[in-house]
**Q** 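A single structure is presented below for examination.
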Amino acid sequence: MTQLELAREGTISTQMSLVAENEGVEVELIRRGVAEGTIVIPANIRHTNLTPCGIGQGLKTKVNANIGTSSDFGNIDTELEKLRVATSCGTDTVMDLSTGGDISAIRRAIIASSSVPIGTVPIYQAGIEAVARRGAIVKMTVDDLFSVIEEHARDGVDFVTVHCGVTQSAVEQLKQQGRVADVVSRGGAFLIGWMLHNARENPLYEYFDRLLEIARQFDVTLSLGDGMRPGCLADATDRPQIEELLAIGKLVSKAQQAGVQVMVEGPGHLPLDQIEANVQLEKSICKGAPFYVLGPLVTDVAAGYDHITGAIGGAIAGAAGADFLCYVTPAEHLSLPDPEDVRQGVIASRIAAHAADIVKGVKGASEWDRKMAVARKKLDWEEQARLSLDPELAHHVHSKHATAGKACSMCGEYCAMELVEKYLGISAVRC
Ligand code: SF4
């Protein structure tokens, strides 16, 4: 049985108990959320070394790190190093988006080494294998696609991005819309090319029941991908995007009825003032299913700094109710991320998630900040580093310049904290 089926019949699984413990909430809150579809626990029955993670309403905002090879670069060792860096920086999940090298071997090595849930986008491998075996992505058969999805499920993948909402109707909207950047989703592009060339409906939509059977067998969580997501601010919240979301809304209900856990992916590139509306639309149309946003990126012009662009959007989306933030690295739009890009991307996204958790009222979030404030007032540098999202960096920066007293080198003997304590007798003891 899937976590959803267990929750519905009133059973509390080991995974639900572990999620509750990690979140510091009652396990009944988790069971009810899973049963109602507002929480998912991506936990493939074959991912044996998994520490389960809950994503959804009432829980900490989660962060995903994308790793994986490209057709030009990458190998298993580099990807395992990225996995190590991402998890050591505190990512909640990792997606293997490999499109180069031995894709199956890389995926299996990542799953075997990972205690965090692993996600994939099977259409990548299906498309690449179609090129190798049949000469073109558009020659991929429906069976080719589903056999790759099943292979990922059998390998222990915990959640799969499947662009089921890219329907012929959404493609028609795309043609009429006159977008600036058209389609920026790789999976969406593979499918749209296939659908137009073959004049057929999206197989992931047409044979959704077949997908549900595989997902249910291994308890793979479906992450309904946004193949029509805007790839620039000018294309945000337009007709193809919303047409796809409407189709996804119907599929969410269908998946849940079949006992399959499901979440929904969202933009993409969005101006600041459209983020909240996009979260509300998803929550309303998809009946509260967990929302997994890709950034969102709030400007198109920050190449090299898109981890910051994504964190700004992620904080606002999270505060508005998004549950899961896909990180963006400084390499976004420019190159394949290396381990240092992964580190910066995870930390930036964790800052966004935590900022959102403070205003969401997530248990322990504000308390963490209060502890840091007390440590700052006490000039307790060890504690400040320990409480930092990136302790190593905090320690390194503080140690760069030696100081005469306890204060840091920013103000030295004119440290405001020390002066006020000395002359007004105000100390951190009261905090
Ligand atoms: S020296 Fe300045 S920056 Fe450093 S702890 Fe004191 S007030 Fe803060």
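In each ligand, atom 1 is the first atom listed, and ligand 1 is the first ligand listed.
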**Q** When the ring planes of F159 and F324 are compared, do they come out parallel, tilted or perpendicular, using 30° and 60° as the limits?
**A**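 Judged by the thresholds at 30° and 60°, the geometry between F159 and F324 is perpendicular.
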**Q** Are any of the side-chain nitrogens in D323 or K62 under 4.0 Å away from the carboxylate oxygens of its partner?
**A**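 Salt bridge between D323 and K62, a charged N being under 4.0 Å from a carboxylate O: no.
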**Q** With H396, which residues qualify under ring-ring contact (aromatic ring centres under 6.0 Å, His included), at least two apart?
**A**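 If we apply the ring-ring contact (aromatic ring centres under 6.0 Å, His included) test to H396, skipping adjacent residues, there are no hits.
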**Q** Check ring-ring contact (aromatic ring centres under 6.0 Å, His included) between H47 and all other residues, then give those that pass, not counting sequence neighbours.
**A**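 Once residues adjacent in sequence are excluded, H47 has no partner under the ring-ring contact (aromatic ring centres under 6.0 Å, His included) criterion.
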**Q** Tell me whether E150 is salt-bridged to R46, with the criterion being a basic N under 4.0 Å from an acidic carboxylate O.
**A**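 Here E150 does not pair with R46 in a salt bridge, since their nearest N and O are not under 4.0 Å apart.
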**Q** Strictly under 2.8 Å of atom 6 (Fe) of ligand 1: which protein N/O/S atoms qualify?
**A**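 Metal shell, protein only: C415 SG.
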**Q** Which residue pairs pass the side-chain hydrogen bond (donor to acceptor under 3.5 Å, both in side chains) test when at least one of the two sits in residues 262-271, sequence neighbours left out?
**A**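 Output for this query lists T161-E265, S223-E265, H269-D300, H269-H333.
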